[in-house]
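In what follows, a single structure is set out as structure tokens and then discussed.
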Amino acid sequence: MIEVEDIHSHYGKSHILHGVSLELKEGELVCLLGRNGVGKSTTLKSIMGMVRPTQGSIRFDGKELVGSQPYQIARLGVGYVPEDRRIFKSLTVHENLMMGVQKTKRGGASERVWTIDKIYGLFPNLRERRGNKGSHLSGGEQQMLTVARTLMGNPKLILIDEPTEGLAPLIVKDVLEMLATVRKSGVTVLMVEQNFKAAIKVADRFYIMGKGQMVFAGDMAALLAAEDVRKNYLEV
Amino acid sequence: METKKCICGFLAAALMFALPAFAAAQGTIKIGGTEPLSGTFKDIGERYLEGVQYAAKVINESGGLLGKKVEVVPIDSELKPDVATRKAQALILKDEVKFFCGGTGSSVGAAMAQLAEKENVIMFTYGMDAASMTGEKCNKNFFRPGGSTDGRSFALAQMIAKKGYKAVGIIGQDYSFGHEAVAAFKKKIAQISPSTKIVAEIFHPAGTKDYAPYASQLIAAKPDVIFTPNWGNDLTLLLKQGRPLGMKQKVFSYYINDEVMISSLGDDSLIVGDMGAEIYMLNIPTAKNKEFIEKFHKDKGYYPTWLRGKSYIATMFWAAAVKKAGTTDVAAVIRAWEGLSYDGPAGLWTMRACDHQAQVPYWAVEIVKENKFFKHAFEGPVTEIPAKDVEVPCAETGCKMGK
Amino acid sequence: MTDYLCIREIHKDFSGLKVLTGVDFTVSEKQRQAVIGPNGAGKTTLFNIISGRFKASSGSILFKGQDLSAKPAHVRNRLGLARSFQITNVFQELTVFENIRSGVRSRNGLRYNFFRKPDNNRRINERTEAIAEEVGLKGVMHVPASALSYGQQRALEIGITLSTEPELILLDEPTAGMTREETAQAISMIDRVTAGRTLIIIEHDMDVVFSLADTISVLHYGRILASDVPEKIRNDQRVKDAYLGEE
Amino acid sequence: MSEVPVFFLHGLAYAGLLFLVSAGLTLVFGMMNVLNFAHAAMYMLGAYFSFTLLRATGQFWLCLLVCPLFLFIIGALVERFLLRRVHTYGHLHELLLTFGLAYIMTELVKLIWGNFPLAVNIGGFLGQTVEFFGMIYPIYRIFIFGCAVIVGLSMAAILYKTRLGIILRAAVNDSEMVNALGFDVPLVFTGVFAFGAALSGLAGVIAGPLLTTYPGMAHEILIDAFVVIVVGGFGSLGGAVVASLLIGELQSFGVLLFPKLSLALVYLLMAAVLIIKPSGLFGEKQ
Amino acid sequence: MTSQKKASYLFIALIFALGVLMPFMIKRYHLNMLTEIIVFALYAVSYNLLLGYAGLLSFGHAMFFGMGAFTVAVSLIHIPGLSMWNAVLLALAMTTVVGFITGGFLLRHKGAYFALLTLAFNSLFYAVATKWHKITGGDDGLSITRPDLNLGFTTIKMADLTNFYYVTLVVIGVAIVFSWYFTKTAMGQTVLLMRENEERMKFLGYNTNISRLILFTFTGALAGLAGAFYTLHFQFVSQSAISVDMTTTVLLMTFVGGTGTFWGPILGAFVYIILQNYLSDITDRWPLFMGLIFIVMVLVIPGGLSQIILSIRRLIPGKRNTDRPVAAEEASP
């Protein structure tokens with residue numbers, strides 16, 4: 001579904017990604033692990049076109065994404081849930097959700113899987129607060145809202161950046177459940193996470209990044225076996 | 001390191017700096033025409049300049065002045081006194097120009113007059129009308145072969161008094177010209193028609209966009225007639241916005257016979273019936289005027305309307321002074337011009353020695369729909385207001401001229 | 001041990017979003033305190049409040065008995081408090097030397113002088129060089145900050161923080177984004193340059209935390225979950241849960 | 001004080017014109033953070049286009065439709081080919097660019113239409129006067145205010161009632177995120193700038209018959225429009241409404257009450273607002 | 001370091017020497033123009049300290065230029081026997097005070113907001129200058145005569161252009177050199193910090209508000225000095241000295257010369273005034289050219305003339321440039 005091949009990305013003058021490659025198959029939920037500042041978020045942004053890789057290629061359903069604008073990539077069916085949530089603070093919850101709806105029609109059977117009613121069904125909190133300004137939501141609600149907003153666009157692939165960051169355990173559980181539901185609906189998910197324990201509950205496969213490069217790829221069993229990698233790149 | 005790279009820069013700039021100055025042509029008398037040649041008042045400046053240039057042409061065709069050709073050097077004053085003086089100064093330094101003229105903007109005129117005194121050159125004007133320029137601000141290097149706010153306001157006051165209006169509403173631009181014009185008008189009307197009341201006296205910033213509040217105030221004062229020294233767009237907008245609000249009174253205005261202003265109104269009914277007084281008009285019934293208009297029209301294909309006429313006559317007057325002096329020496333020309341008379345298209349003009357203000361007759365006119373010059377409304381028949389009727393005695397001008 | 005830095009009941013809301021919900025802790029003089037906690041726990045916000053970048057919604061900060069709450073950042077710095085930034089925050093177009101000197105001369109009161117040139121001040125220049133040497137940047141002193149490698153920029157970040165000779169240093173993830181080798185170097189450098197001063201450090205890398213800190217506070221959901229010596233924190237179940245997520 | 005209603009109407013008419021000019025300016029400023037110095041020059045272009053079209057067809061309503069469209073196209077071209085190129089360099093370059101454009105537009109107008117005032121006369125219904133409550137009042141002045149109300153209400157309706165409005169407001173919050181959600185943000189910005197230009201063009205068409213059309217008209221209205229933005233609050237549409245009304249009425253009643261201060265009154269108001277509330281009446285604190 | 005320093009001082013001495021010789025080399029007309037250039041050079045230098053060094057785009061610099069210009073004129077007219085020095089000192093004092101007060105209001109905002117506010121304030125000053133006819137002469141302006149310079153043992157006739165040129169050269173020259181020196185002083189370096197990273201400065205003990213206010217006031221005073229000499233040079237001042245156009249003029253000079261170097265704006269003043277003098281002789285479409293220059297500069301050479309000169313220098317092999325000119329985009333707020 002998506003193939004990232006040897007991309008290099010820069011932020012201003014600092015070289016963040018030094019040849020990152022990864023691959024997702026349709027319907028997978030893959031988790032990208034790693035410490036702060038190793039380039040996990042930059043990887044997602046590079047896929048989304050928000051950071052333009054200087055080298056390498058990213059193919060989504062066979063189409064090259066490097067060089068495209070974020071909106072073009074989004075219209076191909078890639079949804080992005082940013083780390084700092086970035087809801088539109090002066091818009092109401094309902095308007096925020098409306099921002100997720102895309103006008104352009106894409107062919108395919110999975111068209112309009114996510115409707116506003118379905119979203120409100122899944123997130124009753126949001127229905128309750130539909131008239132509230134985005135700035136009045138709690139952290140958990142904001143996280144729900146960003147994911148829901150992205151789902152409104154009926155993406156084939158969702159890139160989620162640290163969905164559990166700063167959330168209370170109960171809410172983390174909700175978020176994970178929500179991800180499971182999303183995934184069941186057939187959407188492919190690439191998730192960046194630091195919360196290792198949360199990640200292993202939902203992910204099919206794992207990538208671990210260290211300093212701008214991939215240092216590990218494999219499933220749960222492989223990860224548990226690779227104690228060295230875990231110790232060096234993840235644990236306390 | 002930063003320094004060296006600049007040397008190249010300065011050298012490059014110095015090259016431009018050293019561009020050869022225009023060599024001063026021998027055998028010509030240069031006259032600098034300071035007019036706004038860009039900006040909002042460009043059309044006024046250009047028309048004035050045409051009159052000066054036409055005069056130079058007439059002089060040159062009849063053998064020149066003191067055997068030399070007269071050359072008009074246009075100076076774009078941008079209607080800013082600082083710009084005008086800066087450029088004039090450059091001309092003095094560069095080409096040793098001794099004569100300057102101009103017609104637009106009393107502020108430009110006052111600054112030029114002072115420059116003339118400092119640099120000992122002659123400045124004369126045909127259109128900068130603020131009375132103070134030949135009053136308290138007068139100096140020996142400045143001449144006004146033209147009208148003044150005093151003369152014009154006096155003429156208009158006489159016209160209003162003669163028609164017997166008893167309530168006058170005044171509106172003027174809030175700068176020295178407007179204030180001087182209004183003060184002169186009030187002084188004269190109080191003198192010749194004490195029963196006439198000033199029911200409103202309103203000043204607005206020059207270049208006002210919305211005249212409605214001013215017009216409403218005028219209307220509310222219920223005058224019989226309106227007096228205004230406004231000109232250009234300030235007159236256009238006053239009429240254009242005031243008339244629909246119910247400002248039906250006759251307007252007595254300074255520069256009513258401006259064909260560009262009338263045509264820019266786009267609607268003759270806004271102005272027909274309004275009156276003005278001017279020192280030059282196409283309708284002045286002298287033989288010299290008829291001849292002048294005919295030749296000018298043949299030459300250019302259009303008429304020497306007020307601005308062109310005024311500057312033409314003034315320039316001819318100046319030439320007469322130079323001729324009389326027999327030299328271009330500034331002191332000699334000043335002496336020659338003082339007391340000199342010139343009988344031109346607009347009657348007999350006499351340059352008074354005490355303040356260098358020409359004593360000229362004014363011509364009263366009413367704007368009519370049908371005229372032989374334009375499709376739009378223009379001058380009706382004119383009547384003369386003799387120079388002595390609008391004279392300000394030497395003692396009252398406030399001019400103390402250092403000799 | 002006196003209460004050197006005393007933080008009481010700090011709350012911070014960002015337009016309704018509660019980031020800090022009553023942070024309480026004290027730091028003694030010369031103590032080396034680490035603040036750890038999962039992403040989004042409010043660590044950087046806490047630093048911003050202590051250093052004067054943000055104002056707390058409520059609560060107070062006492063430094064050597066003085067209430068800092070209403071004082072602007074530059075005054076807090078002059079009182080002896082300095083911080084580094086998680087995202088490198090240096091003067092990009094200036095050289096390393098100029099970067100560090102900006103703090104050194106501020107410390108020496110040469111801030112707004114119209115006549116004296118910092119170039120001519122030997123004391124300031126020597127001190128600047130000394131600091132550059134301490135953080136290992138002496139060799140690149142006249143290189144613009146923007147041309148430095150990432151690791152060097154992080155070192156410069158610390159160098160600038162040190163330049164005002166603070167008594168209390170706040171370091172916000174000084175080793176974020178560094179390789180292991182770089183991190184190891186950074187630890188020993190930080191250990192060296194902060195000797196004899198009070199240090200508060202935010203860090204994710206536990207190697208850094210355990211090698212530098214003598215007390216650790218765990219910030220979770222906007223408040224201090226636990227504060228203790230490293231060994232005890234390591235074995236605290238609440239901390240484990242907070243860190244690795246709940247079972 | 002029988003004049004009060006008339007002066008109030010005068011104030012409304014001028015406020016209407018001010019709002020029409022500043023609405024586009026404040027919209028572009030609020031959305032794109034671009035201070036468009038060429039805005040008033042575009043307003044002037046609108047007036048001149050209208051003059052020519054009116055002379056050719058005699059249809060004022062046509063001008064009202066077509067000239068803003070012209071300006072829309074010009075605005076779009078300017079944004080797409082000039083402004084966007086310098087966007088990454090920051091405010092300074094954007095400002096200077098629009099500044100240069102203002103010069104060029106003004107000079108081109110002089111080249112094409114000449115350097116003297118041109119009269120725009122609309123006959124027909126709009127040229128008439130109407131009598132009510134014993135006052136005779138020109139319909140055109142009421143029409144100006146009406147236009148401002150319609151424009152203001154439609155802008156509010158677009159911003160708060162349509163999908164486009166949601167996108168626009170979201171883009172003010174976080175344009176990068178809007179882009180990532182699949183909206184062509186650069187196109188949206190081109191549209192906003194072009195719409196701002198169209199508004200200025202509309203204001204020009206409407207101003208033509210009230211004022212005359214002349215090359216100095218841009219410069220004269222620009223500062224007034226800037227003052228509206230400063231007083232109302234940077235980028236606030238509601239602020240522009242209130243500030244226009246305030247300044248319009250102040251100009252009008254100022255003539256009646258403080259004739260000596262006329263020109264300075266507006267600036268005094270501005271200074272007062274800045275002292276009390278530096279970000280303007282409705283501006284958000286930066 | 002030291003050789004570079006020497007070169008700088010040598011360069012300054014060279015320029016001064018050239019300046020001293022000028023009256024013997026060029027015509028009075030050109031000397032007149034040169035005096036004007038020197039005055040505007042200081043104005044441009046002061047503006048560049050604000051724009052290029054601190055990254056503050058102001059549309060109100062003419063406030064100070066005009067304030068200085070008017071102060072000299074008004075004081076010379078109303079205080080009989082006032083010496084030229086005292087008039088100039090009054091102008092400096094006046095602009096310093098005005099800079100301090102207006103700075104307090106204006107500096108609360110940054111970027112485009114600051115630009116807009118300064119523009120509005122400049123308009124306010126312009127309105128006052130126009131309206132306050134009694135003092136400023138309104139539209140008519142004020143005309144003065146340069147008082148002669150009493151040096152104690154002798155008096156120098158200021159009516160003479162050459163004498164006035166020398167006075168201008170010395171006074172303005174010293175002010176420009178001081179401005180250059182200023183960029184190397186503590187405060188000058190603080191200004192750079194301000195442009196680079198205002199946020200970080202605060203955590204190094206700098207009061208950024210005070211820093212900006214000091215700089216704003218200082219550049220205002222420099223502009224006021226330029227304005228004072230502007231009046232003395234033309235012996236005339238009108239409201240256009242305080243108009244927004246006067247800000248535009250200095251903006252264009254600075255921009256044409258390049259904001260990236262100290263000397264760029266001086267070059268800009270040079271080129272601008274010469275261009276203006278010759279171009280306005282040839283064409284009355286001067287504003288059109290100005291507009292085009294603006295756009296071409298913004299789009300193609302944002303670093304101005306000094307950027308061109310620098311790039312030419314870079315082409316010369318063996319002369320690697322170690323300077324770090326600040327591209328104008330980085331100077332933007």
Side-chain angles (χ1 to χ4, degrees), chain D residues 25 29 32-38 41 81-83 85-86 88-108 110-111 115 215 219 222-224 226-227 229-231 234-235 260-268 270-271 274-275 278-280 283 285-286, chain E residues 51-52 55-57 59 102 104-132 243-245 248 251-252 255 259 283-300 302 327-333:
Chain D
L25 192 62
F29 191 67
M32 305 170 68
N33 211 2
V34 171
L35 190 53
N36 183 10
F37 268 91
F81 294 105
L82 296 174
L83 212 52
R85 291 180 61 178
V86 301
T88 45
Y89 295 141
H91 301 309
L92 174 63
H93 285 68
E94 288 168 344
L95 270 177
L96 293 176
L97 186 82
T98 58
F99 200 74
L101 275 175
Y103 266 114
I104 291 178
M105 285 177 183
T106 309
E107 283 307 304
L108 287 182
K110 287 181 193 167
L111 269 177
N115 206 337
H219 190 74
L222 182 66
I223 304 281
D224 281 13
F226 279 163
V227 172
I229 295 193
V230 171
V231 170
F234 303 109
K260 294 242 183 276
L261 284 173
S262 54
L263 197 65
L265 265 181
V266 172
Y267 295 112
L268 289 177
M270 181 189 78
L274 284 178
I275 290 167
S279 49
K285 232 182 147 228
Q286 292 170 61
Chain E
L51 178 64
L56 289 168
L57 174 62
F59 273 95
T102 53
F105 288 115
L106 297 171
L107 294 169
R108 290 197 260 183
H109 296 275
K110 286 176 198 162
Y113 298 87
F114 176 74
L116 180 52
L117 267 188
T118 47
L119 180 81
F121 256 69
N122 204 143
S123 305
L124 170 68
F125 274 70
Y126 181 74
V128 170
T130 309
K131 197 76 195 155
W132 204 9
S243 67
V244 175
D245 285 350
T248 323
L251 175 61
L252 194 60
F255 201 60
T259 54
T283 169
D284 57 353
R285 300 271 166 233
W286 167 234
L288 183 65
F289 283 97
M290 229 155 75
L292 284 173
I293 291 172
F294 250 110
I295 291 189
V296 170
M297 300 279 296
V298 172
L299 289 176
V300 187
E329 61 263 30
E330 280 150 354
S332 69

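Bear in mind the structure is a predicted one, so any value in this text is a computation, not a measurement. Protein chains get the first letters and strands the later ones, always in sequence-line order, with residue 1 at the start of each.
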Working to the nearest 0.5 angstrom, can you tell me the gap between [X] [atom1] and [Y] [atom2]?
X: E:Leu119; Y: D:Leu222; atom1: CG; atom2: CG; value: 7.0 Å
X: E:Arg108; Y: D:Ser279; atom1: CZ; atom2: OG; value: 9.0 Å
X: E:Phe121; Y: D:Met270; atom1: CZ; atom2: CE; value: 5.5 Å
X: D:Leu268; Y: E:Leu124; atom1: CG; atom2: CG; value: 7.0 Å
X: E:Phe114; Y: D:Leu35; atom1: CZ; atom2: CG; value: 13.0 Å
X: D:Phe37; Y: E:Leu116; atom1: CZ; atom2: CG; value: 7.5 Å

- Query: Which residue out of D:Asn33, D:Leu111, D:Thr98 racks up the most heavy-atom pairs below 4.5 Å with chain E?
  - Reply: D:Leu111
Do you know the tightest heavy-atom contact between [X] and [Y]?
X: E:Gly291; Y: D:Tyr103; result: CA-CB, 3.7 Å
X: E:Leu288; Y: D:Glu107; result: N-CG, 3.3 Å
X: E:Ile295; Y: D:Gly100; result: CD1-C, 4.0 Å

Which bit of [X] comes within less than 4.5 Å of chain E, counting heavy atoms only: side chain, backbone, both or neither?
X: D:Leu82; answer: both
X: D:Leu96; answer: both
X: D:Leu95; answer: side chain
X: D:Ile104; answer: both

Toward chain D, the part of [X] with a non-hydrogen atom under 4.5 Å:
X: E:Leu251; answer: side chain
X: E:Leu292; answer: both
X: E:Phe59; answer: side chain

- Pick from E:Leu299, E:Thr248, E:Val128, E:Ile293: which one has the most heavy-atom pairs with chain D under 4.5 Å? E:Thr248
